[in-house]
Each structure stands twice: as C-alpha cells, then as structure tokens.
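Positions are given from 1 along the sequence. Ligands are counted one by one from 1 in listed order, and the atoms in each one are counted from 1 as well.
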Amino acid sequence: MASPKAFHINSPFLESIDMSKRTGTEVYLKMESSQPSGSFKIRGIGHLCQKIAGPESKGVVCSSGGNAGMATAYVARKLNIPATIIVPSSSPELIREKLKDQGATVRVVGKVWDDANDEALRLTQTDGLTYVPPFDHPLLWQGHASIVREIKASLPSKPGAVVLSVGGGGLLCGVVEGMKEVGWASVPIICMETEGADCFNAAVKAGKIVTLPDITSEAKCLGSKTVCSQAFEYIKEGNMNIISELVTDQQALQAVETFLDEERVLVELACGAALAAVYCGVIQRLQGEGRLPVPLAGPLVMIVCGGSSINQAQLEHLRKVLNR
Ligand SMILES: COC[C@H](NCc1c(COP(=O)(O)O)cnc(C)c1O)C(=O)O
C-alpha cells in the first residue's frame with residue numbers, strides 16, 4: 001500500500017481583529033473551510049481510508065449530511081477507488097452535484113442522516129463496500145487530532161478556549177484526543193449545536209445518550225439524532241472542561257452572514273453554530289456566569305469547520321426559510 005500521506009492541508013490560522021474586538025481577547029480562526037474537500041472532515045476520513053480502504057478495495061460507502069461524503073469522494077478519487085455516498089433527502093441538491101463532480105455515485109435515502117446510514121451499512125453487506133463512518137470511529141478521531149497539533153505549532157501559548165460545532169461528535173473527539181496529546185486537557189472546549197440538531201446537548205442534560213425524535217434544525221450537517229458514545233464518555237470522564245451550548249438557526253445564519261461580511265468567507269449553517277459563540281455573545285455570557293474566566297487565560301481558537309452545502313442561492317433560501 002502507498003505510504004500514508006495527508007490529503008488535508010495545514011489550514012490557515014488567522015487572527016480575527018473583528019472577533020477579538022467583540023470578545024476583548026485575541027481570537028484566531030483555524031480555517032478548515034480551506035480544506036480540499038471544503039471542511040475538516042478530510043483529516044479523519046483521509047486517515048481512515050488510508051488505513052482500511054486500499055487499492056484492492058471494492059469501493060467505499062459513506063452516509064453523510066454532505067461534508068463527510070465530500071471528503072470520502074475526494075479521497076476515493078485520489079486513491080482511485082469507487083465511492084458511493086448516501087445522503088438524506090434533507091441534503092441540498094447543491095451538495096449532491098458536488099459529490100457527483102468528485103466522481104462519486106450518489107444515492108438519496110431517507111429523511112435524515114440516520115436513514116442514509118442504515119442504507120450505507122446494508123451496502124457493506126450486499127455489495128462488499130468498505131464503510132466510511134462520518135463521525136464515529138477512532139481512526140477518524142486520530143485524523144482530526146492533527147488540527148490541534150497544527151494549532152499548537154502556530155500559537156505561542158496555551159489557548160484560553162477552543163470553540164467547535166458538534167454533529168455526531170467526531171470533531172469533538174478528535175480535538176479532545178489532540179488536546180490531551182499536547183497537554184491542553186484543562187483548556188475549555190465550547191461545543192456548539194443548533195436547537196433541533198442538539199443530540200450532544202440533549203445527552204449532557206439527560207446524563208445519558210439520548211436519541212432525538214427528529215432533526216428540526218436547518219443545519220442538516222449537524223443532523224445526527226444520536227451523538228457518538230465516545231463524545232459522551234468524555235463528559236462522564238470529567239477530565240476535560242467541555243461546555244455544551246445551543247444557538248437558534250437564526251443566530252447561526254446571522255453568524256454566517258457576519259462572518260461573510262467581516263472575514264470574507266462563506267460557510268455552512270453548521271459552521272455558523274460555532275461562529276455564533278462569538279457573534280451572539282455566548283462567550284461573554286459564559287464569562288458572566290463564571291463558567292469561563294475574565295479575561296480568558298489565553299487566545300480563543302475558533303475552529304471554522306467550513307462546509308460545502310452553501311452558495312448564494314442556498315444562503316437566500318435559508319434567509320427565506322428562517323425569516324431573516
Ligand atoms: C450528519 O452529518 C454529519 C457530518 N457533518 C458534520 C459536520 C460538523 C460536525 O462534525 P461531527 O460532530 O459530526 O464530527 C461540523 N461542521 C460541518 C460543516 C459538518 O459537516 C456529515 O457531513 O456527514
């Protein structure tokens with residue numbers, strides 16, 4: 001098998017003057033929107049595919065809200081193996097076309113990600129395809145952990161907090177793994193979800209893993225009804241400072257628009273959920289509640305997870321649907 005190589009890039013790490021003004025502390029943006037597949041997913045999925053889907057593979061199949069699918073399709077094309085991506089009907093036509101442009105076979109199954117995942121698992125049995133999970137696998141988390149190593153190499157000191165979005169919990173698990181590895185276990189991790197795609201927050205509140213009845217948020221790429229068990233284990237373990245917060249779809253959309261204006265980059269609603277931690281005052285509220293120090297003990301790092309299910313037409317559609 002070819003020697004393992006990274007499919008992801010060492011993404012830009014940019015200071016945000018506007019976000020720093022809003023929070024009263026230095027804010028750095030880890031721009032995963034710049035990754036070849038459009039989001040951070042390429043880190044874990046590239047690592048996993050290298051390990052379990054060699055040239056002799058009959059092909060890979062991934063169930064996805066869109067971005068794990070984009071990463072799988074991109075990596076499969078680079079490895080010259082077939083890719084089948086199963087997306088739910090809630091994924092915009094835009095992402096289906098992008099997946100096809102990557103050479104993937106795209107199938108639309110079910111209403112939410114969980115339905116698409118059932119079909120992906122079925123295809124591993126019937127067609128002998130290699131299953132690429134979008135968020136729940138140790139090899140994904142190992143790959144995602146590279147983001148923390150890059151941040152450590154770019155920052156002169158330990159961050160005061162790291163902000164990220166949670167869908168199924170894969171990014172969170174990778175960031176925790178990386179932070180433990182580099183000695184940042186005490187750094188608060190602010191986990192952001194949208195109301196209606198809040199499987200992690202629901203588990204934190206219930207004190208156990210729960211399954212949402214449905215995904216009612218427009219942030220479909222956060223749309224897993226159940227968080228991966230490892231993410232919840234980190235809460236039970238209690239060794240990390242993990243804070244779970246929610247914003248509305250409207251707040252996430254406002255964050256997407258503000259980020260576009262101020263940082264000139266267009267990202268998905270799933271990413272807007274993380275950005276809203278700064279733009280909608282969540283950081284300041286947590287400080288007021290004594291859950292974050294004033295000032296933060298170091299710079300705030302925002303993981304700009306990116307996402308490909310967005311363009312001007314989709315942005316306009318979200319404005320209409322969310323009455324903004
Ligand atoms: C249902 O969907 C899960 C996954 N998206 C997950 C996702 C996340 C959350 O990452 P996770 O917590 O799932 O590892 C954040 N930011 C963006 C832009 C994402 O696409 C997918 O594409 O299949």
Side-chain angles (χ1 to χ4, degrees), residues 30-35 37-45 48 61-74 85-88 90-92 95-96 98-99 106 110-117 120 131-141 143-145 147 163-177 189 191-194 196-201 203 212 215 217-232 234 242 244 252 255-256 259 265-276 302-310 314:
K30 187 60 174 165
M31 299 298 286
E32 295 300 289
S33 48
S34 304
Q35 290 293 348
S37 70
S39 82
F40 73 92
K41 292 281 181 177
I42 187 89
R43 293 178 182 272
I45 285 180
L48 178 135
V61 58
C62 176
S63 51
S64 174
N67 294 303
M70 281 297 289
T72 303
Y74 174 89
I85 312 299
I86 318 288
V87 295
S90 57
S91 294
I95 196 73
R96 301 175 201 171
K98 283 181 179 285
L99 287 164
V106 179
K111 185 172 161 292
V112 292
W113 172 81
D114 301 67
D115 307 330
N117 195 49
Y131 175 62
V132 175
F135 53 81
D136 191 0
H137 195 290
L139 287 174
L140 288 181
W141 310 330
H144 291 343
I147 204 170
V163 183
L164 53 81
S165 298
V166 174
L171 175 58
L172 171 58
C173 290
V175 167
V176 168
E177 222 174 89
I189 304 174
C191 301
M192 300 301 295
E193 294 168 283
T194 50
D198 54 326
C199 63
F200 181 58
N201 187 263
L212 302 176
I215 298 297
S217 165
E218 286 302 317
K220 301 304 181 187
C221 270
L222 297 182
S224 171
K225 294 198 286 190
T226 314
V227 75
C228 69
S229 52
Q230 182 58 62
F232 189 67
Y234 285 132
I242 294 174
S244 169
V256 167
F259 194 69
V265 174
L266 180 58
V267 294
E268 268 190 43
L269 213 53
C271 187
L275 301 172
M302 173 67 70
I303 295 182
V304 183
C305 42
S308 300
S309 287
I310 191 74
Q314 181 65 8

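Glu193 places a side-chain N or O within 3.5 Å of a backbone atom of Phe200 that can act as its donor or acceptor partner. Looking only at distances, a side-chain donor or acceptor of Ser308 sits under 3.5 Å from a matching main-chain atom of Ser37. Between the side chain of Trp141 and the backbone N or O of Phe135 there is at least one donor-acceptor pair closer than 3.5 Å. A distance-only check finds a donor-acceptor pair linking the side chain of Ser165 to the backbone of Ala270 [under 3.5 Å].
Inclusion of Ser64 in the set of residues having an N or O under 3.5 Å from an N or O of ligand 1 is warranted. An N or O contact shorter than 3.5 Å links Gly167 to ligand 1 by distance. Between Pro134 and ligand 1, not a single N/O pair is under 3.5 Å apart. Checked by distance only, ligand 1 and Val166 stay at 3.5 Å or farther apart across all their nitrogen or oxygen atoms. Close N/O approach between Gly65 and ligand 1 is found [any backbone or side-chain N/O within under 3.5 Å].
Atom 13 (O) of ligand 1 has Gly168 N, 2.8 Å as its closest protein atom, hydrogens excluded (heavy atom only). When only non-hydrogen protein atoms are considered, atom 20 (O) of ligand 1 lies nearest to Asn67 ND2, 2.8 Å. For atom 16 (N) of ligand 1, the nearest protein heavy atom (residue, atom name, distance) is Cys305 SG, 3.2 Å. Nearest non-hydrogen protein atom to atom 4 (C) of ligand 1 is Lys41 NZ, 3.2 Å. Remark: minimum distance from atom 10 (O) of ligand 1 to any protein heavy atom is reached at Phe40 CZ, 3.4 Å. For atom 5 (N) of ligand 1, the nearest non-hydrogen atom of the protein is Cys221 O, 2.9 Å. Residue, atom and distance of the protein heavy atom nearest to atom 1 (C) of ligand 1 are Gly223 N, 3.7 Å. Distance from atom 17 (C) of ligand 1 to its nearest protein heavy atom, with residue and atom name: Ala270 CB, 3.9 Å.
Not a single heavy atom of Leu172 sits under 4.0 Å from any atom of ligand 1. Ligand 1 lies out of reach of Phe200, whose nearest heavy atom is not under 4.0 Å from it. Remark: distances from the non-hydrogen atoms of Met70 to ligand 1 are all 4.0 Å or more.
When heavy-atom distances to ligand 1 are checked against a 4.0 Å cut-off, Ala68 comes that close through both its backbone and its side chain.
Exactly one of Ile42, Ile147, Val304, Leu164 qualifies for a side-chain contact (heavy atoms from CB on, under 4.5 Å) with Glu32. That residue is Ile147.
Atoms CD and CD1, on Glu268 and Ile95 in that order, are 6.5 Å from each other to the nearest 0.5 Å.
Using cut-offs of 30° and 60° on the angle between ring planes, the pair His144 and Phe40 is perpendicular.
Interface atoms of ligand 1 facing Gly306, defined by a heavy-atom separation under 4.0 Å, are 18 (C). If you number the atoms of ligand 1 from 1 as listed, the ones under 4.0 Å from a heavy atom of Leu222 come out as 8 (C), 9 (C), 15 (C).
Across all non-hydrogen atoms, the minimal contact from Val87 to Arg96 is CG2-CG, 4.2 Å. Closest approach of Ala219 to Ala197, counting heavy atoms only: O-CB, 4.4 Å. The two residues Gly170 and Cys228 make their nearest non-hydrogen contact at N-SG, 4.5 Å. When every heavy atom of Asn67 is checked against every heavy atom of Ser39, the shortest pair comes out as CB-OG, 3.6 Å.
Within the 4.5 Å cutoff, the side chain of Phe259 has no heavy atoms near those of the Ser33 side chain.
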